[in-house]
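Shown next, in structure tokens, is the structure this report addresses.
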Amino acid sequence: MQNRIIKLIGLLILSTSFTSVQATDDIPEVCGVPQVYSALEGIREDSEITFNSYFGTMQDIESRAIYYRGKCNVIITNEERLPANLIKEGKITQNSVARLVKAPLILWSNNRFLLKDNINVIVKKKLKSLAIPKDSLTTVGFAATEVVKRKDFPSEYLKKKNSIYRAEHEYQIFSLLKNNNIQTGFITKPLIMKNGETTGSYWYIPHEYYSPIYYYIISTDKSDKTQELYNYIRGNKKNLAEFYSAGFEALNN
């Protein structure tokens with residue numbers, strides 16, 4: 001499953017969009033950011049409700065939803081800005097959006113031994129390079145910046161060595177890390193899952209170190225099919241379990 005995500009990420013970087021199933025007029029479509037690919041496809045394969053899926057960047061999905069440049073009956077996104085903009089534009093109401101799951105922030109390395117079992121490499125200032133998503137563009141970037149600013153996370157020596165790199169989105173960082181271009185970087189756990197197991201090595205950052213990274217589910221119309229699908233994804237325990245096995249966690253964790 002992770003290989004599919006990597007291919008999807010590559011396509012998104014090149015073209016900013018990817019469609020996994022051809023849309024039809026009578027079947028509702030769920031649009032999601034690439035991090036939810038494994039969970040959503042797992043739900044769709046065994047779903048009681050037939051639906052198509054579309055994956056793209058948050059900006060691409062926003063364009064489809066606000067300017068009608070594509071079909072998105074239900075949206076799953078990691079940015080609070082999207083539902084806020086949809087409400088502002090009068091496309092949805094506050095009752096049409098809900099928090100779905102959380103994504104735990106991690107410091108990840110493609111080296112499976114670097115961050116295994118301890119964080120000595122951080123404490124002893126042995127990190128060689130660090131990648132951070134831009135805090136002005138994503139909630140992941142904002143959360144990562146909160147961690148880096150902490151006194152108990154030594155990063156000043158990396159700044160002096162010009163060894164801190166910025167990227168617009170976390171999946172760009174994941175691609176750099178996967179190709180061993182950078183040693184470590186801040187991403188969320190769903191990106192490192194493969195067949196229900198983690199890859200590489202990582203430091204699971206304590207929740208109190210950063211603001212929660214919520215994923216939101218949005219219903220964009222009031223049709224019976226859309227409402228049924230919206231409630232089915234967020235209210236079915238089996239569906240939520242797909243998210244948990246894909247690296248997400250429950251809202252109350």
Side-chain angles (χ1 to χ4, degrees), residues 1-18 33-39 41 55-58 78 103-150 153-206 209-210 213 245-248:
M1 190 65 78
Q2 187 196 47
N3 290 334
R4 293 182 183 178
I5 297 177
I6 295 171
K7 291 178 182 178
L8 173 59
I9 289 169
L11 288 170
L12 284 168
I13 292 173
L14 292 173
S15 66
T16 73
S17 67
F18 176 86
V33 289
Q35 293 90 330
V36 303
Y37 179 85
S38 293
E41 288 302 278
F55 299 93
T57 65
M58 199 276 290
N78 56 340
L105 183 67
I106 60 174
L107 182 68
W108 187 71
S109 173
N110 195 37
N111 182 332
R112 61 192 181 96
F113 301 107
L114 185 68
L115 296 169
K116 184 178 180 180
D117 300 328
N118 62 64
I119 56 171
N120 287 339
V121 67
I122 299 172
V123 175
K124 295 180 179 180
K125 301 181 180 180
K126 297 295 184 180
L127 288 182
K128 295 179 180 179
S129 56
L130 174 67
I132 306 173
K134 291 182 179 179
D135 58 349
S136 61
L137 296 177
T138 65
T139 54
V140 175
F142 181 80
T145 300
E146 288 182 296
V147 177
V148 171
K149 288 181 178 179
R150 292 179 61 90
F153 185 89
S155 60
E156 286 298 321
Y157 76 99
L158 288 172
K159 292 180 182 178
K160 293 177 181 178
K161 293 180 178 180
N162 293 319
S163 296
I164 294 181
Y165 302 88
R166 298 276 180 175
E168 291 189 0
H169 303 287
E170 64 170 319
Y171 49 77
Q172 292 176 333
I173 289 178
F174 175 72
S175 181
L176 291 171
L177 295 170
K178 190 68 179 176
N179 292 320
N180 297 312
N181 294 320
I182 294 176
Q183 187 185 34
T184 59
F186 286 100
I187 58 177
T188 53
K189 192 176 178 182
L191 286 180
I192 69 164
M193 300 299 293
K194 182 178 181 181
N195 299 324
E197 301 291 336
T198 59
T199 57
S201 61
Y202 67 97
W203 175 41
Y204 189 93
I205 299 171
Y209 282 19
Y210 63 95
I213 302 170
S245 64
F248 293 92

side-chain contact (heavy atoms from CB on, under 4.5 Å) partners for A167, two or more places apart: Q172, I173
Partner residues of E156 under the salt bridge (charged side-chain N to carboxylate O under 4.0 Å, His left out) criterion, sequence neighbours left out: K159
Partners meeting side-chain contact (heavy atoms from CB on, under 4.5 Å) with K149 (sequence neighbours left out): T145
Quick one, Y210 and F186 - any side-chain contact, counting heavy atoms below 4.5 Å? no
Filter on ring pair (Phe, Tyr, Trp, His ring centres under 6.0 Å), then keep only pairs touching residues 120-140, sequence neighbours left out; what's left? none
Given W108, which partner from the list Y202, F174, W203 fulfils the ring-ring contact (aromatic ring centres under 6.0 Å, His included) test? F174
Which residues pass the side chain to side chain donor-acceptor pair (under 3.5 Å) test with N179, not counting sequence neighbours? none
Determine all donor-acceptor pairs shorter than 3.5 Å in which one atom belongs to a side chain in residues 128-139; sequence neighbours excluded.
| from | atom 1 | to | atom 2 | distance (Å) |
| --- | --- | --- | --- | --- |
| S129 | OG | Q183 | N | 2.8 |
| T138 | OG1 | G141 | N | 2.9 |
| T139 | OG1 | N78 | O | 3.2 |

So with a 6.0 Å cut-off around CZ of R166, is the heavy-atom count from everything else above 12? yes
Please determine whether the number of non-hydrogen atoms from other residues, nucleotides or ligands lying under 6.0 Å from atom CZ of F153 exceeds 12. yes
Reported CD-to-CD1 distance for the pair Q35 and I187, which is rounded to 0.5 angstrom: 9.5 Å
Find the distance between CG (L107) and CG (L177) and round it off to the nearest 0.5 Å. 8.5 Å
Gap separating the NZ atom of K124 from the CD1 atom of I119, nearest 0.5 angstrom: 12.0 Å
